[in-house]
Structure formats: structure tokens, C-alpha cells
J.: 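Dropping a structure here in C-alpha cells format, bear with me for questions.
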Amino acid sequence: MRGVYFKNMKWQAAIKVDKKQIHLGTVGSQEEAAHLYDRAAFMCGREPNFELPEEEKDELRQFKWEEFLAMTRHAITNKKHKRRLGAGLQKHSEPPQQNSDVEGEQGTNGFSASEDVEPDTSAS
């Protein structure tokens, strides 16, 4: 698949824009990485691995490239942080949650446009 690779035992997504490799995120599955790439590919006018639904395209059209990157990275960081918190809570003798993934709080694509977006200040 385009823009997807497995490194350090994790799936990662990246896209090349203006001769620069842009890291989109590190996720838990090849499918999630492909979806990250597909969203970025749409934003850049490139061919995706899989066709995006029209509602998702409409959502993405609302953003400029920098806003899209910040939103994407924020959603991934927020998702990882919530998973870590969930794992910490389970260690304190709470019963394990079923479907501990946070997708229920996000849009159908795993990213929510309504989240507060802070610019990504980390170096890529």
C-alpha cells in the first residue's frame, strides 16, 4: 500500500509533499495507517489506497493542509493518551473495559473535526 510501512513493530503512515517526507502518524494496524495516508492523499490531490466516503471528503474539504496535519496528529496523540490512561486504570483492579478503543467519541473515520486542535510543534 502507498504511504504505509512497518517500523519498530508499529504501523506508520507518511506522504511526500514538495519533496519532503511528512510523517502522518504511528498506529496499531496496517488499515489505520492506510486510512491516514488516504486522507492525506485526498488533501494533496493524490490517488488513495481506498476510496474515501463522500461525507469524509466533505469533512476534509473544510481544512487547509496545516490544519489537517495538526488535527490528525492531535487525534492520534489524544487516542494514545486515552489508551494509556485506560491501561493504568485497569491495573488498579477495575474490570477490563470492552472495546477500550475511543472511536465511539470520534467520527466514523477515527478523527473528529470538532476537537480543539493545537498546532504540532514537534519536529517531523
Side-chain angles (χ1 to χ4, degrees):
M1 283 189 244
R2 283 182 292 275
V4 174
Y5 56 100
F6 193 72
K7 182 178 179 183
N8 298 328
M9 302 300 293
K10 297 177 184 170
W11 288 101
Q12 300 187 25
I15 192 166
K16 198 172 252 191
V17 178
D18 296 329
K19 299 181 182 180
K20 292 181 183 176
Q21 182 87 355
I22 298 176
H23 177 74
L24 299 169
T26 302
V27 291
S29 72
Q30 184 178 20
E31 291 78 17
E32 285 179 285
H35 192 79
L36 276 177
Y37 173 84
D38 290 349
R39 290 170 57 89
F42 175 80
M43 294 293 293
C44 295
R46 305 243 182 90
E47 187 175 339
N49 292 302
F50 305 102
E51 190 64 30
L52 295 174
E54 282 303 316
E55 65 186 29
E56 193 167 349
K57 290 179 184 179
D58 290 342
E59 175 190 341
L60 292 172
R61 286 184 185 106
Q62 299 174 28
F63 299 101
K64 294 178 183 163
W65 175 248
E66 292 300 323
E67 293 170 331
F68 164 78
L69 282 178
M71 176 191 69
T72 299
R73 290 173 175 161
H74 178 75
I76 290 170
T77 302
N78 195 30
K79 191 173 181 179
K80 286 180 183 176
H81 181 68
K82 286 182 180 180
R83 281 187 182 151
R84 285 185 191 131
L85 285 177
L89 291 174
Q90 289 178 7
K91 289 179 184 176
H92 292 87
S93 73
E94 288 187 18
Q97 298 175 346
Q98 290 200 352
N99 193 9
S100 63
D101 205 5
V102 294
E103 288 179 19
E105 298 174 12
Q106 299 170 343
T108 58
N109 53 25
F111 303 98
S112 172
S114 63
E115 290 182 306
D116 291 333
V117 177
E118 297 175 18
D120 181 33
T121 57
S122 64
S124 294

J.: Kindly give the heavy-atom pair with the smallest separation between Glu32 and Val27, and that separation in Å.
T.: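 Reported closest heavy-atom pair: CB-CG2, 3.6 Å.
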J.: Give the intermediate values and the outcome of side chain to side chain contact (heavy atoms under 4.5 Å, CB included) for residues Glu59 and Arg39.
T.: CA-CA 10 Å; Glu59 175 190 341; Arg39 290 170 57 89; 4.0 Å; yes
J.: Between Arg73 and His23 (side chain of the first, backbone of the second, donor and acceptor by atom type, cut-off under 3.5 Å), is there such a pair?
T.: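 Here the side-chain-to-backbone pair exists.
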J.: Might you point out which heavy atoms bring Ile15 and Cys44 nearest each other, and give the distance in Å?
T.: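 It is CD1-SG, 4.2 Å.
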J.: Nearest 0.5 Å please: distance from the CD atom of Glu47 over to the CZ atom of Phe42.
T.: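 Glu47 atom CD to Phe42 atom CZ measures 14.0 Å (nearest 0.5 Å).
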J.: What are the two closest non-hydrogen atoms of Ala40 and Leu24, and how far apart are they?
T.: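 Minimum heavy-atom contact is CB-CD1, 3.6 Å.
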J.: What closest approach, in Å, do Tyr5 and Ala14 show between heavy atoms, and which atom pair accounts for it?
T.: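 Result for this residue pair: CE2-CB, 3.8 Å.
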J.: Give a yes or no answer on whether the side chain of Asn49 reaches the backbone of Met1 with a donor-acceptor pair at less than 3.5 Å.
T.: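 Such a contact is absent between Asn49 side chain and Met1 backbone.
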J.: Working to the nearest 0.5 Å, report the span between NE2 of His35 and OG1 of Thr72.
T.: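 These two atoms lie 9.5 Å from each other.
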J.: Would you call Glu56-Arg61 a salt bridge at under 4.0 Å N-O?
T.: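 No, Glu56 and Arg61 are not salt-bridged.
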J.: Rounded to the nearest 0.5 Å, how far does CG of Leu60 lie from CD of Glu55?
T.: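 Glu55 atom CD to Leu60 atom CG measures 11.0 Å (nearest 0.5 Å).
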J.: State whether Lys64 and Glu67 are salt-bridged, where the test is any N-O pair (Lys NZ or Arg NE/NH1/NH2 against Asp/Glu carboxylate O) under 4.0 Å.
T.: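 Judged by the 4.0 Å cut-off on N to carboxylate O distance, Lys64 and Glu67 do not form a salt bridge.
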J.: Using every non-hydrogen atom in the two residues, find where Leu52 and Lys57 come nearest and quote the distance to one decimal.
T.: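 The answer is O-CE, 3.3 Å.
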J.: Is Gln12 close to Val4 at the side-chain level, that is, under 4.5 Å between some pair of heavy atoms?
T.: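 The answer is no; the side chains never approach within 4.5 Å.
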J.: Mark yes when over 12 heavy atoms from residues, nucleotides or ligands other than Lys16 sit less than 6.0 Å from its NZ; otherwise mark no.
T.: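 Count not over threshold, so no.
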J.: Would a distance-only check, ignoring hydrogens and angles, find a side-chain to backbone donor-acceptor pair under 3.5 Å from Arg2 to Pro48?
T.: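 Yes, Arg2 side chain to Pro48 backbone: donor-acceptor pair under 3.5 Å.
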J.: Minimum heavy-atom separation for Ala34 and Phe50, please, with both atom names.
T.: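 Smallest heavy-atom distance, with atoms named: CB-CE1, 4.1 Å.
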J.: In Å, rounded to the nearest 0.5 Å, how long is the span from CE of Met9 to OG1 of Thr26?
T.: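 Here the rounded value is 13.5 Å.
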J.: Could you tell me which residues satisfy ring pair (Phe, Tyr, Trp, His ring centres under 6.0 Å) with Phe68, sequence neighbours excluded, listed by chain and number?
T.: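 Scan of Phe68 (ring pair (Phe, Tyr, Trp, His ring centres under 6.0 Å), adjacent residues dropped) gives Trp65.
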